[in-house]
Asker: 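Handing you a structure now.
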Amino acid sequence: MDILKVLSRGTKKSAKSSLSGGSAVGKLPSSGTKTNPQLYHDEVRGQKRKRDVEEPENKTPEVLPEVDFFAPKDVAELKPAKRAEAKKGSKRAASPDAEAEAKLLSAEECRQLLRSHRLKVTLLGKRDEQHKVKKSKKKKAVVEVKKDKKPPQLNPQPLVSFGQLRSTYNLSRRVAENLSYQGYRVPTEVQMGSMPLLIRPDLALKGEEGLEKGIDLLAVAPTGSGKTISFLVPTINNIMRRRAQEKLHGIHELEAIVIVPTRELAYQIVHVGNQLVKGTGIKIVGMRKGMILAAESQDIGEDSSDDEEEKPEESEEEEEEEEDEEEEGDEKKGKSRKPKVMSKVDILITTPLLLLNFLTSGSASTQKVLPTVRDLILDEADVLLDPLFREQTLGIWNACSSSDLRLSFWSATMGSNIETLVTEKLASRAESLGITQRPLVRLVVGLKDTAVPNIVHRLIYTASEQGKLLGLRQLLRPTSSIDSGPPLRPPFLVFTQTIDRATALQEELKYDIPLEAGGSSRIAALHSGLPDAARAAIMRKFRAGEIWVLITTDVLARGVDFAGVNGVLNYDVPGSSAAYVHRAGRTGRAGREGGIAVTFYTKDDIPFVKTVANVIAESEKQAGKPAEESSVQKWLLDALPNVGKEDRKKLKERGVESRRTGNTAQITSRSGYERRKEHNRKGAIEGSKKRKMEAGEDNGKGRDGEWGGIDD
Ligand SMILES: Nc1ncnc2c1ncn2[C@@H]1O[C@H](COP(=O)(O)OP(=O)(O)OP(=O)(O)O)[C@@H](O)[C@H]1O
C-alpha cells in the first residue's frame with residue numbers, strides 16, 4: 001500500500017503537507033513550501049541594495065504566502081483582509097510624474113541592481129552589419145569587427161517592487177490591485193527588467209536618446225520565471241492608458257495579439273489574463289476556429305462584407321459562458337456550430353494557424369489586415385519563428401499594419417539566428433512602411449539560453465529500451481530514489497518522442513498503480529492527436545491532482561505552467577538543448593525547490609546526449625554547484641561525442657530515428673509472440689488512423705498546424 005501513500009502526496013495542497021521521510025521531500029514543488037521566485041540575487045560588493053532598504057514589502061522570502069499550487073489564483077480565494085491590504089497599497093501609491101521621476105534610481109544603482117540579478121540589457125540593431133562582414137572577410141577581421149561593434153549595454157530602471165508599478169510607473173489602479181490579488185510579493189528578474197521598459201520607457205530609459213519613445217523587446221529568461229505577467233500587465237495597461245487619454249470609454253477594439261505555439265498555452269494565458277483584467281472592461285479572448293474578427297481587407301481598401309458586422313449585444317454572462325466553454329472543446333457541440341462574429345475583443349490569444357486561417361479566408365485575392373493592433377507578442381518566439389511556424393507567424397506579423405506596432409519576443413531559449421531574423425524583419429518592415437524603426441532591446445536573465453538552474457538534473461544510462469521501462473517502474477516505487485538524490489515523486493510528467501510511444505507507455509504502465517489508489521485513472525497520455533475536449537479534460541484533471549503521471553510529447557514542453565509538478569522524466573532524449581530546457585522547466589516553477597529532471601538514455605542516444613549533458617553542466621554551474629559535485633562529470637562530457645550540425649538538425653526534426661520505426665519504436669514488456677498477435681488484431685481502420693496521425697507528426701505539427709511533438 002506504500003504506493004498509495006506516496007502518490008497521494010502530490011495532491012496535497014497544504015504547506016503542512018503529509019510528506020515525511022527527509023528534508024528533500026519537504027522541499028518538493030507540490031508541498032507548498034515557501035519560495036523565492038528570484039533565481040539570482042548575488043551580493044553587490046561594497047553596496048547594500050537599495051530595494052532592501054526602501055521596500056519593506058520586498059524583505060521576503062520569509063513572508064511569501066503559502067501557495068495553493070493547483071488551484072487558480074482567484075480574487076475570491078483571497079481573504080478579505082488581504083484584499084483590503086492590496087487595495088490600500090495601490091491607492092496610497094498614486095503619484096504624479098514629477099514625483100515618480102524623483103524616485104528613480106541613479107544610473108550606478110541601476111547598474112548594480114541589474115548586475116546582482118544577472119540581468120543584461122543591450123541595444124540590438126547593428127548585428128546585420130556584423131553578419132555581412134562575417135561572410136565576406138577572413139576570421140581575423142570578424143573578431144575585430146565583433147569587438148568594435150559589441151551591442152551597447154543599457155542600464156534601465158529595474159522594478160524594485162510591485163508597489164512601484166503604481167507609485168513610479170503609474171500603473172492603472174485596477175490592474176495594480178488585480179496583480180496584488182495574485183499574492184506575488186517580489187518581482188522576478190524578468191519582471192524587474194521588462195515591466196518598466198514596456199510600461200514607461202520614457203522613465204525606464206530616461207536620458208537614453210532615441211529610446212524613450214518606446215522600444216521593441218526581445219526577452220530571454222528562464223522557464224517559470226513569470227514572463228506571462230511581464231507581457232500581459234504592460235499590454236493591458238497600455239490599452240487602458242490610451243483609451244483614458246483619448247476618452248474612449250466602453251469600446252472594444254482588437255489592440256493586442258499574443259501568439260503561442262499550443263492551445264494549452266493559449267487557454268492558460270487567457271486564464272491568467274482574465275485575472276488581471278477584472279473590473280477593467282478589457283476582454284481577453286482565445287481564438288477559435290470559425291471566429292470572425294474585425295479586420296480590413298488589404299486589396300479593396302475598404303471594409304469587406306464580414307468586417308465590423310455587429311451581432312446583437314451579448315450580456316457579459318453570455319460572453320463569459322462562451323469563454324468557459326472553450327476549455328471544454330468544440331467537439332461536444334458538434335460541427336454545426338456557426339462561425340461567430342466577435343465584436344468584443346481587446347486582446348486575442350491564438351496559435352499561429354488559427355489566426356492566419358481567418359486572415360486568409362475568403363477570396364483568394366484579398367488579405368485581411370489588422371490595423372488596430374498595437375501590441376504583437378510572440379510567446380515562445382524561437383519556436384514560432386522556427387521554419388516550422390515561420391510562415392504562419394510572419395503572415396500575422398505582416399497583417400498587423402499599424403505604424404505604432406510594438407513587438408515583443410519571449411522565450412527561455414533564443415538562438416542568434418532568431419535574433420538576426422527579428423532584426424532584419426523589423427528593419428524591412430520599417431522600410432516598407434516608410435517609418436523610423438523602433439530600437440530593439442534585448443534583455444537576458446542569467447546566461448543566455450542554456451539553463452534550468454533551480455532543479456536537480458539526472459542523466460541515467462540504461463542498457464536497453466526495456467531498461468528504461470524498468471527504470472521508470474522503479475521510480476514509481478515508494479522507496480526508490482535516484483542515486484542518493486531526491487526521489488521523483490508524483491505528480492510528474494513523462495516525455496516521449498512520438499505520439500505512438502506516449503500511448504504505448506500509458507498502456508504499459510496503467511496497471512502499475514493499485515486500484516485502491518485510483519488505478520489506471522491516475523495515468524494519462526496527452527498529445528496533439530487527441531480531440532480538444534479530451535486534451536482539456538486531461539489538463540484539468542492533472543491540474544486538480546487527479547492524474548499523477550502524465551505521459552506526453554513536446555506538445556506540453558513549452559509554456560505550460562503546472563506549479564506543483566515535482567518532476568520531469570525524459571523517457572526519450574529530447575531533440576535539442578532548447579527542448580531539454582523547456583521540458584525540464586515544467587518543474588521548479590517560480591523558483592520552487594525540489595524539482596527534478598531525469599533523462600534516460602541508451603546506446604542509441606549516445607551520439608546526442610552531449611547537448612543535454614552540456615545544459616545540465618551549465619545549469620549546475622549557474623546554480624553555484626562546484627564542478628567536482630556536478631552530476632555530469634567532466635570525464636563523461638569529454639567522452640561523449642560531439643554532434644555534427646547535420647545530425648543535430650536531423651535529430652531536432654525527426655528525433656532518434658530508431659525510435660520511429662522497428663523494435664525500439666515499441667514500448668512493451670510483452671513477448672514477441674504476444675505483440676504479433678496483438679498487431680494482427682488491429683483492423684484496417686485503426687491502421688489508417690495511425691498513419692494519419694503519423695503524417696501530422698512527421699512535420700512536427702499536430703492538427704491545425706499546432707506544435708505537436710518532435711522539433712524545437
Ligand atoms: N513575481 C512572482 N512571484 C511568484 N510567483 C510568480 C511571480 N510571477 C509569476 N509567478 C508564477 O510563476 C509561474 C510561472 O510563470 P509563467 O508561466 O509566466 O513563466 P514563464 O516564464 O512564462 O515560463 P515558460 O518559459 O516555461 O513559459 C506561474 O505560476 C506564475 O503564477
Side-chain angles (χ1 to χ4, degrees), residues 29-30 32-39 57-58 60-61 63-74 117 159-165 178-195 219-233 258 260-262 264-273 275-276 349 377-384 408-414 443 445-446 449 451-452 454-455 493 543 554 556-565 568 578-592 595 597 707 712:
S30 64
T33 45
K34 290 169 188 171
T35 185
N36 184 353
Q38 296 182 339
L39 293 176
E57 166 181 26
N58 205 17
T60 59
V63 297
L64 286 173
E66 289 168 3
V67 188
D68 186 358
F69 291 117
F70 282 107
K73 295 186 190 70
D74 197 291
H117 282 273
L159 183 71
V160 294
S161 75
F162 281 124
Q164 211 199 4
L165 282 176
N178 290 342
L179 185 60
S180 191
Y181 293 164
Q182 304 305 303
Y184 306 143
R185 286 292 172 266
V186 284
T188 63
E189 280 85 0
V190 67
Q191 292 161 354
M192 288 178 83
S194 66
M195 288 172 99
V220 190
T223 48
S225 64
K227 294 186 280 297
T228 314
I229 297 284
S230 307
F231 61 71
L232 279 180
V233 168
V258 182
V260 296
T262 64
E264 276 75 17
L265 186 50
Y267 294 148
Q268 180 180 299
I269 294 176
V270 170
H271 177 75
V272 175
Q275 306 299 311
L276 295 171
I349 321 289
I377 295 149
L378 270 60
D379 190 16
E380 309 298 341
D382 54 332
V383 90
L384 292 173
S408 62
F409 309 85
W410 306 79
S411 184
T413 52
M414 197 88 76
L443 181 152
V445 178
D449 224 287
V452 192
N454 58 317
I455 64 168
L493 285 163
R543 285 188 197 280
D554 278 330
L556 285 193
R558 286 194 175 241
V560 179
D561 184 49
F562 298 119
V565 160
V568 164
Y580 179 79
V581 166
H582 289 278
R583 284 182 181 185
R586 293 318 97 205
T587 185
R589 314 280 295 165
R592 288 190 181 93
W707 181 247
D712 207 10

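When reading the values below, keep in mind they use all heavy atoms of this one structure, side chains included, and skip hydrogens, waters and symmetry mates. Remember, it's 1-based here, ligands and their atoms both numbered in the order they're listed.
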Asker: With heavy atoms only and a cut-off of under 4.0 Å, state how His582 meets ligand 1: side chain, backbone, both or neither.
Answerer: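 It is neither part, as no heavy atom is under 4.0 Å.
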Asker: Is it true that Glu380 lies under 4.0 Å from ligand 1, counting heavy atoms only?
Answerer: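 Yes, that is the case, since the closest heavy atom of the residue is under 4.0 Å from the ligand.
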Asker: Consider every N or O of Gly226 and every N or O of ligand 1, then say whether any pair is closer than 3.5 Å.
Answerer: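 There is such a contact, yes.
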Asker: Please name all residues satisfying side chain to side chain donor-acceptor pair (under 3.5 Å) with Arg583, sequence neighbours left out, ordered by chain then number.
Answerer: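 Checked Arg583 against side chain to side chain donor-acceptor pair (under 3.5 Å); matches are Asp554, Asn570.
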Asker: Is any N or O atom of Thr223, backbone or side chain, closer than 3.5 Å to an N or O atom of ligand 1?
Answerer: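 In fact, backbone or side chain, Thr223 has no N or O that close.
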Asker: Please confirm whether Ser225 comes under 4.0 Å of ligand 1, counting heavy atoms of the residue only.
Answerer: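 Yes, Ser225 has a heavy atom closer than 4.0 Å to ligand 1.
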Asker: Check whether any heavy atom of Gly224 sits under 4.0 Å from an atom of ligand 1.
Answerer: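 Yes, that is the case, since the closest heavy atom of the residue is under 4.0 Å from the ligand.
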Asker: Taking all atoms of both residues into account, what is the closest heavy-atom pair of Asp379 and Leu384, and its distance?
Answerer: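 Minimum heavy-atom contact is O-CD1, 3.3 Å.
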Asker: If you define the side chain from C-beta out and look only at heavy atoms, does anything of Ser230 sit under 4.5 Å from Trp410?
Answerer: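 Sidechains of Trp410 and Ser230: in contact.
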Asker: Using a heavy-atom cut-off of under 4.0 Å, does the side chain or the backbone of Arg185 touch ligand 1, or both, or neither?
Answerer: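 Neither; no heavy atom under 4.0 Å.
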Asker: Should Asp382 and Arg558 count as side-chain neighbours, where that means a heavy-atom distance under 4.5 Å?
Answerer: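 Counting from C-beta outward, Asp382 and Arg558 do come under 4.5 Å.
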Asker: Ligand 1 and Val186, any nitrogen or oxygen pair closer than 3.5 angstrom?
Answerer: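 Such a contact does occur with ligand 1.
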Asker: Answer side chain, backbone, both or neither: which part of Pro222 comes under 4.0 Å from ligand 1, heavy atoms only.
Answerer: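 Just the backbone.
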Asker: If we set the cut-off at 4.0 Å for heavy atoms, which region of Lys227 has an atom near ligand 1: side chain, backbone, both, or neither?
Answerer: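 Both the backbone and the side chain of Lys227 come within reach of ligand 1.
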Asker: So is Ser230 in contact with ligand 1, going by heavy-atom distances below 4.0 Å?
Answerer: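 The answer is no, since Ser230 has no heavy atom less than 4.0 Å from ligand 1.
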Asker: Does any non-hydrogen side-chain atom of Val186 lie less than 4.5 Å from one of Pro37?
Answerer: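 When only atoms from C-beta onward are counted, Val186 and Pro37 do touch, with a gap below 4.5 Å.
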Asker: For ligand 1, indicate whether the residue Phe162 contacts it via side chain, backbone, both or neither (heavy-atom separation under 4.0 Å).
Answerer: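 Under 4.0 Å from ligand 1, Phe162 contributes side-chain atoms alone.
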Asker: Assess Arg558 for proximity to ligand 1: is some non-hydrogen atom of it under 4.0 Å away?
Answerer: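 It does not; every heavy atom stays at 4.0 Å or beyond.
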Asker: Measure the shortest side-chain to side-chain distance between Asp561 and His271 over non-hydrogen atoms and say whether it is less than 4.5 angstrom.
Answerer: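 SC-SC contact between Asp561 and His271 ruled out.
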